[in-house]
Every structure is written in C-alpha cells, then in structure tokens.
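A quick write-up on the structure given underneath.
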2 protein chains.
Amino acid sequence: MNSLQTLEPALDEACCAPSGQPVLSAEDAQRKALVFKALSDPNRLRLLSIVKGTGDGEACVCDLTEPLDLGQPTVSHHLKILVDAGLLHREKRGTWAYYSLVPGALEQTAGLLASL
Amino acid sequence: MNSLQTLEPALDEACCAPSGQPVLSAEDAQRKALVFKALSDPNRLRLLSIVKGTGDGEACVCDLTEPLDLGQPTVSHHLKILVDAGLLHREKRGTWAYYSLVPGALEQTAGLLASL
DNA sequence: CACATGGATTGACATTCATCGATATAGTTG
DNA sequence: CAACTATATCGATGAATGTCAATCCATGTG
C-alpha cells in the first residue's frame, strides 16, 4: 500500500530543486476541499445565487424547489451540505425554514484560493 | 429540456458579469461548477500549493508523486483535471512535463464567487 | 384531537470519481 | 536499433455522490 522507496539524488539538474516550501498540509487540504466540494455542484451554486438574489436575503425550501426543478428532499439535502460547509445559515421560523448567506463566507472562501 | 447552446470548455471571463439576471443559469452553473470540482479534491489543492511554492513556479510529475504519496498515474490524472479546468499550464520539455500556475487563474476563480 | 403542510431523514439506485496496476508513447542514451 | 526513463492512457474496482420515492417529524389549523 505504501511503497516508500529511497529515491537517490542521481538526478542533478534534470528535475528541479526540492521544494521544501511550507506546502499545504494534508489536513488543511482536506478541510479546504470540503468547502470547494460544496461548491462543485451546479444546483448548489444556483441555490446560493437564488438566496443571494432574494430581496430580503433569505429563502425557504418551498421557494427553491421550483426554479431548480428538483424534488424537495434533494433540495433539502443540498441545503444541508451548504450549511455544513459554513456557506448558508438556517433559521426555522414556524413551519418554514429560512436559508440565508453567512456574511463574509463567500469572501472568505475566495481568500482560500489566495492562500494556497 | 435544457438547451445547451454554448458549452465551451474555454476559459471563462468572469469579469463584467451582467448581474441583471436574478438567478445563475443552469449552463453558467454547470460551467462554474467544473472549476470548483477541480478544486474539491485535497490532493489537487496540494498539487496547486506545491506548484505555487516552487522557486521557479513550475514542477514536473516526478517532483509531485513523492510529497503526495500517490502513484504516478494518479498524479498525472489529477494534473490533467487541473489543466482542463484552466488552472495549470503544461509544457513538455524533453522527457519531462513541467506544470505551472496559469497567471490570474486563481484570482479569476475567486471572482466567480463574488459574481454568484 | 384529527388533519394538513413544510421540511428533514432514510433507503435504494445509478452515476461519477479516486486510485491502482498494466501498458502505451515519446524522448534520451548507449 | 535497443534499452531506459518520464509521462500519459487504459481497464478495473471500491468509494462517494446526486437523485428520487417513501416516510417521519414538527408546527400549525379545523
């Protein structure tokens, strides 16, 4: 499973210098990948766009199923992924659940790219 | 159902989005999701980080397999995904293939989030 | 309380994906 | 040309994912 072979430096200038830079750790990469994975679905991007485009900045599930042409359980599933990723906020008022953008979440996500 | 008219894998110019339309179209969402899908894997994030952290800004496959602890075919596969997403540039010199960041690609991707 | 409604959860299913081993291709060297 | 090296591609496989139908939970209303 793990073939850790001793690679002798027989290659001089052929391959470039060893990049001993502070490379992204496996844990950080895993954590950042979760956010991008939440953004990697077109329907989830549209959900964010719809929520952002609403006048009051929030929308309930019943408003989101129709424009996406998806079933209610599927929309609810996507919304949960976006909430878990820290992009959306969920607030239940009465029977309805209102979803809104977490302030600064998109900007913070954009910052992840700069800090790669 | 959905008429895909201009589905071009070319690089998108995310600047100057009309922003007149209230909702991200299905085609735009699909296109943007491809870029985030390329970023949704921790190993690919680490690949970008390593390439970015290299002194000369480029790295060959032989430099990337070891720090990721992945097989050469797997690394080559991930690199192809990053190239297809427009994030990496591939240049073959002799036997080696050198990968480098596409200038402005990360910033442009960050802009996708603002134009949601 | 009985019933209706909005939303979340479960289970199933088909598709996609990440990974590896084997192999093919291209450039270099003897 | 033959051998070697670096990389890409192919085929297979196990895991993850998106979707839906059915169901469950919570909160209203008669």
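Sequence lines set the chain letters: A, B, ... in the order given, protein chains first and strands last, and positions in each chain run from 1.
Look at CG on B:L39: it is 12 Å from P on C:dA18, rounded to the nearest Å. The interatomic distance linking B:L70 (CG) with C:dC20 (C1') rounds to 10 Å, in whole Å. Between B:D41 atom CG and D:dA15 atom P the separation is 17 Å, expressed in whole Å. Rounded to whole angstrom, the span from the CD1 atom of A:I81 across to the P atom of D:dA16 amounts to 14 Å. Put simply, CD on B:E58 is 12 Å from P on D:dT7, counting in whole angstrom units. Distance A:D84 CG to D:dG18 P: 13 Å, rounded to the nearest Å. Per the geometry, CZ belonging to B:R46 stands 16 Å off C1' belonging to C:dT19, to the nearest Å. Separating the CD atom of B:E91 from the P atom of D:dA6 is a distance of 18 Å, rounded to the nearest angstrom.
Each side-chain hydrogen bond (donor to acceptor under 3.5 Å, both in side chains) pair with one or both residues in residues 32-47 of chain A, not counting sequence neighbours, appears once here: A:K32-A:S115, A:R44-A:H78.
In this structure, the side chains of A:Y99 and A:L47 stay at 4.5 Å or more apart for every pair of heavy atoms.
Under the 4.5 angstrom side-chain criterion for Ile, Leu, Val, Met, Phe, Trp and Tyr, the cluster partners of A:Y98 are A:W96.
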Next item on the list: Heavy atoms under 4.0 Å is the rule here; annotate nucleotides 3-10 of chain C 5' to 3' with B where the base is hit, S where only the sugar-phosphate is, and - elsewhere.
Entry: ---SBBB-

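In this structure, A:T54 and A:A59 approach most closely via the heavy-atom pair CG2-CB, 4.2 Å. In terms of heavy-atom proximity, A:L45 sits nearest to B:L116 at O-CD2, 4.2 Å. The two residues A:A29 and B:P42 have their closest heavy-atom pair at CB-O, 3.5 Å.
Counting any heavy atom pair closer than 4.0 Å across all strands shown, A:R93 reaches no nucleic acid atom.
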